[in-house]
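So the structure is just underneath, and the comments pick up after that.
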Amino acid sequence: MLAGAGLVLGLAAGPAQAAEVSFATRCVPPAGVGLDPVDGTTKVEITAPADAKVGDEVDVVWKFTQAASKNPNIIDLPANSVQPTGTLKVTGAQSTDLAMTGPRENPAIPKGGAMVLSDMKGTLKLTAAGQVTLTPGAYTVNAMGTNTVCTPTQTVPAAGTVQVAEGNGSSTPTPTSEPTDSATPTPTGTPSPTPSPTTSSDDGQTDFTGKAVDIPYTCQSPLGEKKATSSIQINAKKNGGSYGITVQFKNSPMDSPADIPADSVKPSMQVTLGGADTGSVAVEGPTNSGPIKSGDPIEIPDMTGTYKPGATGESTLSPGVLTIEALGTTTTCKPDSTAVSLTLTTEEQEGGASGGSSGSGGTSGTGGSSTSGGLAATGADDHAALKALGLVAGTAVLLGGAVFTFMPGRRRL
């Protein structure tokens with residue numbers, strides 16, 4: 001995603017000298033984003049001291065001046081969402097790999113825009129007299145929680161030299177250290193044992209509290225795959241023949257990959273029905289009331305919707321697919337496995353959810369069920385005719401971008 005870079009090395013000792021080198025670079029984007037590696041030319045502008053002495057600790061600055069590619073047309077990168085790290089190879093009188101790190105500071109970068117990366121810094125202690133050569137190595141760009149690794153594909157010219165005179169420090173060469181891989185794998189959460197569901201009787205009761213269940217999710221975003229386990233509880237409040245449903249997240253499913261402004265994250269979920277009833281209940285939450293800093297948990301607010309039973313008996317409610325819309329992108333989290341949080345003793349209602357879905361914020365058709373997108377879904381009156389066409393109750397058909405669900409006992413679509 002973030003390919004190519006330039007380099008400036010500024011050392012604190014002695015007068016500076018400037019030079020420029022260029023070399024071929026291949027940048028490999030993170031897995032799962034559907035992008036091919038990018039080959040480009042990295043141009044490097046060098047500033048280094050002409051001389052120093054043994055024992056000096058010199059500050060090294062690595063400045064990116066030109067990227068080999070632009071930000072791909074996948075996502076706008078918010079301000080302060082990109083962080084570079086890299087390795088500077090030190091050879092000659094002493095040999096080591098100097099780790100370089102830059103702050104997560106950048107302007108907002110639109111899709112297709114030129115990459116702007118912060119300056120990286122490191123401190124090198126000079127341990128031996130003689131000529132020390134500085135050469136750029138591999139570097140990694142972390143953006144929105146993913147890593148793009150950029151590696152030279154040719155021998156890189158020396159980016160600068162420092163003449164090191166005898167001094168008070170040790171003259172013993174420093175052995176080469178092993179380079180550090182900056183890419184940190186994301187651990188997969190292990191779900192804890194599933195609690196027993198709560199069974200609720202409707203004998204005059206109006207409030208029903210579910211059990212918190214641990215749900216392992218696999219989330220697909222424009223930037224790849226993430227896994228997380230969240231503790232989720234489903235509660236219900238009876239209102240006539242329907243139920244107001246509230247879904248509560250006890251912990252955040254993910255950390256924010258960037259600074260996110262207020263009113264820009266909106267969650268929704270399809271609660272899965274089981275037992276006597278089938279289908280799903282659409283619930284959604286409000287947008288975030290305040291800004292979320294990069295690395296802070298994305299707290300999911302309570303999501304609400306309305307469940308209109310489509311069957312008589314014991315109906316179960318379990319956490320289902322979670323959708324998070326943020327910064328113009330959509331992340332879809334599917335449960336690797338699920339568990340019942342709440343069981344209700346229900347009575348079938350006209351136009352209930354069995355075989356379809358109950359909407360939150362949708363528009364219900366006459367006697368029909370509504371989807372979370374606000375599309376009315378009614379059925380047809382001739383179940384036998386539908387069956388002959390291969391369409392049975394609950395069959396969803398996509399027509400002109402709208403989803404229609406066929407239900408018996410209805411005369412209109």
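None of these values were measured; they are calculated from a predicted model. If you read the sequence from its start, that first residue is 1, and numbering goes on from there.
- Remark: side-chain polar atoms of S242 are not paired, donor with acceptor, to backbone N or O of N239 under 3.5 angstrom.
- Contact annotation: the side chain of T306 never approaches that of I245 to less than 4.5 Å [non-hydrogen atoms, C-beta and beyond].
- The two residues V132 and V164 make their nearest non-hydrogen contact at CG2-CG2, 3.7 Å.
- Using bins of under 30°, 30° to 60° and over 60° for the plane-to-plane angle, the ring pair Y217/F249 lands in the parallel bin.
- Looking at every heavy atom in both residues, V271 comes nearest to S318 through CG1-O, 3.4 Å.
- Counting heavy-atom neighbours within 6.0 Å of K266 NZ, excluding the residue itself, gives a total above 12.
- Taken from CG in D36 to CZ in R26, the straight-line distance is 9.0 Å, to the nearest 0.5 Å.
- The shortest side-chain heavy-atom distance between Q83 and T101 falls under the 4.5 Å cut-off.
- Here the side chain of T87 pairs no donor or acceptor atom with the backbone of D97 at under 3.5 angstrom.
- Of all heavy-atom pairs between A158 and T133, the closest is CB-CG2, 3.5 Å.
- For the pair L344/Y243, a side-chain contact is recorded, criterion being any heavy-atom separation below 4.5 Å from C-beta on.
- Using modelled atom types, one finds no donor on one side chain facing an acceptor on the other under 3.5 Å when comparing S280 with T272.
- Taking the side chain as every heavy atom from C-beta outward, I109 and D76 never approach each other to under 4.5 Å.
- The OH atom of Y307 sits 10.0 Å away from the CG atom of L342 when rounded to the nearest 0.5 Å.
- The pair K227-D336 meets the salt-bridge criterion, since a charged nitrogen lies less than 4.0 angstrom from a carboxylate oxygen.
- A salt bridge does not link K63 with D119: none of the charged nitrogens is closer than 4.0 Å to a carboxylate oxygen.
- Within the 3.5 Å criterion, the main-chain N or O of P110 finds a donor-acceptor partner in the side chain of N71.
- Across all non-hydrogen atoms, the minimal contact from P136 to A159 is CD-CB, 3.5 Å.
- Residues L77 and V82 are in side-chain contact: their nearest non-hydrogen atoms beyond the backbone lie under 4.5 Å apart.
- Of the residues listed (V149, N147, T148), the one engaging P30 in a side chain to side chain contact (heavy atoms under 4.5 Å, CB included) is T148, and it is the only one.
- By the 4.5 Å heavy-atom criterion applied to side chains, P335 and P319 are not counted as neighbours.
- Taken from NZ in K250 to CD in Q248, the straight-line distance is 4.5 Å, to the nearest 0.5 Å.
- Between the CD1 atom in I232 and the CD1 atom in I300 there is a gap of 9.0 Å [rounded to 0.5 Å].
- Remark: the backbone N or O of Q233 is not paired with any side-chain donor or acceptor of K211 at under 3.5 angstrom.
- For the residue pair T346 and P309, the shortest heavy atom distance occurs at CB-CB, 3.7 Å.
- No more than 12 heavy atoms of other residues, nucleotides or ligands sit less than 6.0 Å from atom NZ of K334.
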- Go through the steps to decide whether Q94 and L124 satisfy the test side-chain contact (heavy atoms from CB on, under 4.5 Å), and finish with yes or no. CA-CA 11 Å; Q94 71 182 84; L124 174 65; 3.8 Å; yes
- Message: I'd like to know whether D263 forms a side-chain hydrogen bond (donor to acceptor under 3.5 Å, both in side chains) with T287, so could you lay out the CA-CA distance, the side-chain angles of the two residues, the decisive distance to 0.1 Å, and finally the verdict.
- Response: CA-CA 5 Å; D263 199 34; T287 57; 2.3 Å; yes
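- Nearest approach of W62 to A138, heavy atoms of both residues: CH2-O, 4.3 Å.
- Between the side chain of Q154 and the backbone N or O of P152 there is no donor-acceptor pair closer than 3.5 Å.
- Inter-residue side-chain proximity for V265 and I260 is flagged as met; some heavy-atom pair is nearer than 4.5 Å.
- Side-chain atoms of N106 come within 3.5 Å of backbone N or O of P78 as a donor-acceptor pair.
- Counting only distance, with no hydrogens or angles, the side chain of D56 and the backbone of K53 share a donor-acceptor pair below 3.5 Å.
- A donor-acceptor distance shorter than 3.5 angstrom exists from the side chain of S341 to the backbone of I234, with no hydrogens or angles considered.
- We find the CZ-OG1 distance between F23 and T153 to be 9.0 Å, quoted to the nearest 0.5 Å.
- The closest donor-acceptor contact from the side chain of N288 to the backbone of P261 lies under 3.5 Å.
- With sequence neighbours excluded, the residues that form a side chain to side chain donor-acceptor pair (under 3.5 Å) with T123 are D59.
- To the nearest 0.5 Å, atoms OG1 (T338) and CD1 (I215) are separated by 4.0 Å.
- Using a 4.5 Å heavy-atom cutoff, the side chains of L126 and V54 are not in contact.
- A donor-acceptor pair under 3.5 Å is absent between the side-chain atoms of S118 and the main chain of R104, judged by distance alone.
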